[in-house]
Amino acid sequence: MKLATWNVNSLTVRLPQVLDWLQANPVDVLALQELKLTDDKFPHEAFAQAGYTAQCFGQKTYNGVALISRTPALDVVKNIPGFDDDMARVISGSFPLGETPVENSTNESTLPLSNKGLRVIGAYFPNGQEPGSDKFEYKMAWLDGLRAWLRQELLTHPNLVLMGDFNITFDDADVWDPEGMRDQIHCTDEERYHLQALVALGLSDAHRLFPQPAKSYSWWDYRDMAFRRNRGLRIDHILVSRALKPLVSACQIDKTPRKNERPSDHAPVVLSLDTP
DNA sequence: ATGGCCACTTGCAGTGGA
């Protein structure tokens, strides 16, 4: 089973690339961020023709997230319950863990789907703009809200994946120029504290479970030929719960779409799970 | 060596991204 996350920076512009990518990488679930479109403009038909269904949580101009999947997402929740937010940043859904089960009404497990299934949270974390700014304060409050909610979610959904554009680096290994970016946005101690607090809930950075190429990044500035010079940041992450960790067989950043014409500034990250 | 971004807006300059 494969899951992926990708900040597409406008689904309107990037839809052909997303469809091409899905054809080459037929993942079971794809979380998208920065749709930059409203729900009424979401291209459901294009995804249906590609064999996918979609749950979207759109917003005009900014933000907007979606879950694209082979089987429909169940128990869909939008944003963070308990955290009042006027931005569309989070979408969650449940999926069968592994192969789509054969229908059998006479032999149903007594376990609710939430316990045996896979809970997927796709998230577009706030950027924060600049330490000390109002947007940074919002980012910190949002992270507090996320953690309080996740602590509860993990109790009811032991098989949980949190993936998306976190807009935070774990440490200097995620930064092309650690000295130049010290205490800058995405690299501050406060942001990294929040990321470690998610780890303390029992979530593991899937990328670091495996040997990775040196200087692995998921985002490169459009300016200064940053991609060709590999001047990037690793800010797109896939975190897995304790129960899922033993099933993770790979986690890879796919730089291929960043080489497209008119690419997103982010690359997709792909998680492979060894499921029955 | 150096500078060069991109998407969106009741739009043609300003905001936000990262």
Side-chain angles (χ1 to χ4, degrees), chain A residues 5-18 21 31-43 56-66 85-90 122-143 146 163-192 194-195 207 215-238 253 255 257-269:
Chain A
T5 177
W6 194 4
N7 179 323
V8 291
N9 184 19
S10 169
L11 185 58
T12 307
V13 174
R14 236 65 69 183
L15 178 62
Q17 295 183 41
V18 174
W21 190 83
L32 298 177
Q33 301 90 39
E34 279 210 89
L35 307 180
K36 296 187 175 180
L37 50 74
T38 46
D39 287 354
D40 58 301
K41 302 242 170 51
F42 191 91
C56 70
F57 182 29
Q59 182 183 329
K60 187 180 170 69
T61 311
Y62 306 113
N63 312 310
V65 288
D85 197 351
D86 56 3
M87 303 193 199
R89 294 190 173 278
V90 187
Y124 176 46
F125 289 42
N127 174 295
Q129 204 163 58
E130 190 183 353
S133 67
D134 289 349
K135 292 193 171 71
F136 191 84
E137 293 310 307
Y138 163 71
K139 184 175 194 172
M140 296 300 109
W142 188 94
L143 287 162
L146 175 73
M163 60 182 174
D165 176 359
F166 283 54
N167 273 318
I168 307 174
T169 56
F170 275 91
D171 51 42
D172 287 352
D174 291 342
V175 184
W176 73 275
D177 180 13
E179 291 308 318
M181 294 204 64
R182 192 161 304 288
D183 300 325
Q184 306 276 48
I185 196 65
H186 310 121
C187 305
T188 66
D189 290 342
E190 295 116 294
E191 292 165 280
R192 287 175 176 175
H194 277 283
L195 201 42
H207 182 266
K215 304 179 189 300
S216 285
Y217 308 127
S218 66
W219 171 89
W220 302 261
D221 201 298
Y222 283 120
R223 293 168 288 192
D224 304 327
M225 295 192 298
F227 180 68
R228 266 200 274 172
R229 296 158 124 170
N230 197 29
R231 296 182 167 187
L233 302 172
R234 191 173 72 96
I235 51 176
D236 300 86
H237 305 299
I238 301 181
I253 299 169
K255 291 166 74 168
R258 190 62 176 78
K259 299 165 186 167
N260 290 343
E261 278 185 52
R262 286 190 87 187
S264 168
D265 41 356
H266 295 255
V269 186

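Below, all heavy atoms of this structure are taken into account, side chains as well, without hydrogens, waters or symmetry copies. Residue numbers start from 1 in every chain, and the chains themselves are labelled A, B, ... in the order their sequence lines are given, proteins ahead of strands.
Contacts of A/D236 with the nucleic acid, taken as non-hydrogen atoms under 4.0 Å apart, are absent. Using a 4.0 Å heavy-atom criterion, one finds that A/Y124 contacts the sugar-phosphate atoms exclusively. Among the atoms of the strands shown, only primed sugar atoms or phosphate atoms (P, OP1, OP2) are found under 4.0 Å from some heavy atom of A/E34. Here A/N7 lies in heavy-atom contact (under 4.0 Å) with sugar-phosphate atoms only. Backbone-only engagement by A/R14 is indicated by non-hydrogen atom pairs under 4.0 Å involving sugar-phosphate atoms exclusively.
For the C1' atoms, the distance linking B/dG14 with B/dG3 amounts to 23 Å, nearest Å. Distance noted for atom C1' between B/dC12 and B/dT2: 29 Å (whole Å). The gap from the P atom of B/dT10 to that of B/dC6 amounts to 23 Å, rounded to the nearest Å. Comparing the P positions of B/dC8 and B/dG4 gives an interatomic distance of 23 Å, to the nearest angstrom.
Between A/Q33 atom CD and B/dG16 atom P the separation is 21 Å, expressed in whole Å. As rounded to whole Å, 15 Å separates atom C1' of B/dC5 from atom CZ of A/R231. When the C1' atom of B/dC5 is taken as reference, atom CH2 of A/W220 falls 16 Å away, rounded to whole Å. Per the geometry, CZ belonging to A/R228 stands 16 Å off P belonging to B/dG4, to the nearest Å. Here the C1' atom of nucleotide B/dA18 and the CZ atom of A/F125 are 15 Å apart, to the nearest Å. Rounded to a whole Å, the CG atom of A/N63 is 13 Å from the P atom of B/dC8. Across the protein-nucleic acid pair, A/M225 atom CE and B/dA1 atom P stand 12 Å apart, rounded to whole Å. Rounded to whole Å, atom C1' of B/dG17 lies 16 Å from atom CZ of A/F136.
Within the 4.0 Å cut-off from OP1 or OP2 of B/dA7, at least one side-chain nitrogen or oxygen of A/R262 is found. Close to B/dG16, at under 4.0 Å from its OP1 or OP2, lies no side-chain N or O of A/T61. For B/dA18, one of the phosphate oxygens OP1 or OP2 lies less than 4.0 angstrom from a side-chain nitrogen or oxygen of A/H266. For B/dG16, one of the phosphate oxygens OP1 or OP2 lies less than 4.0 angstrom from a side-chain nitrogen or oxygen of A/K135.
When each of A/N167 and A/N9 is assigned the nucleotide of DNA chain B bearing its nearest heavy atom, the one mapping closer to the 5' terminus is A/N9. Residue-to-nucleotide proximity on DNA chain B shows that, of A/D265 and A/D224, the 5′-proximal contact is made by A/D224.
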- Task: Might you work through the side-chain hydrogen bond (donor to acceptor under 3.5 Å, both in side chains) test for A/N127 and A/K139, ending with a clear yes or no?
- Result: CA-CA 7 Å; A/N127 174 295; A/K139 184 175 194 172; 5.8 Å; no
Applying side-chain contact (heavy atoms from CB on, under 4.5 Å) to A/E191 and A/M140, what does each step give before you reach the verdict? CA-CA 7 Å; A/E191 292 165 280; A/M140 296 300 109; 3.7 Å; yes
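Using a 4.5 Å heavy-atom threshold, the side chains of A/M87 and A/Y62 count as separate. Put simply, the side chain of A/F125 reaches to within 4.5 Å of the side chain of A/L146, judged on heavy atoms.
Residue side chain A/N127 reaches the base of B/dA18 through a donor-acceptor N/O pair under 3.5 Å, judged by distance alone.
Taking the six-membered ring wherever Trp is involved, the centroid distance between the rings of A/F170 and A/H237 falls below 6.0 Å.
Applying salt bridge (charged side-chain N to carboxylate O under 4.0 Å, His left out) to A/R192 and the options A/D172, A/D171, A/D174 leaves one that passes, A/D172.
Looking at the side chain of A/D221, the nearest of the listed nucleotides B/dG16, B/dC6, B/dA18 is B/dA18.
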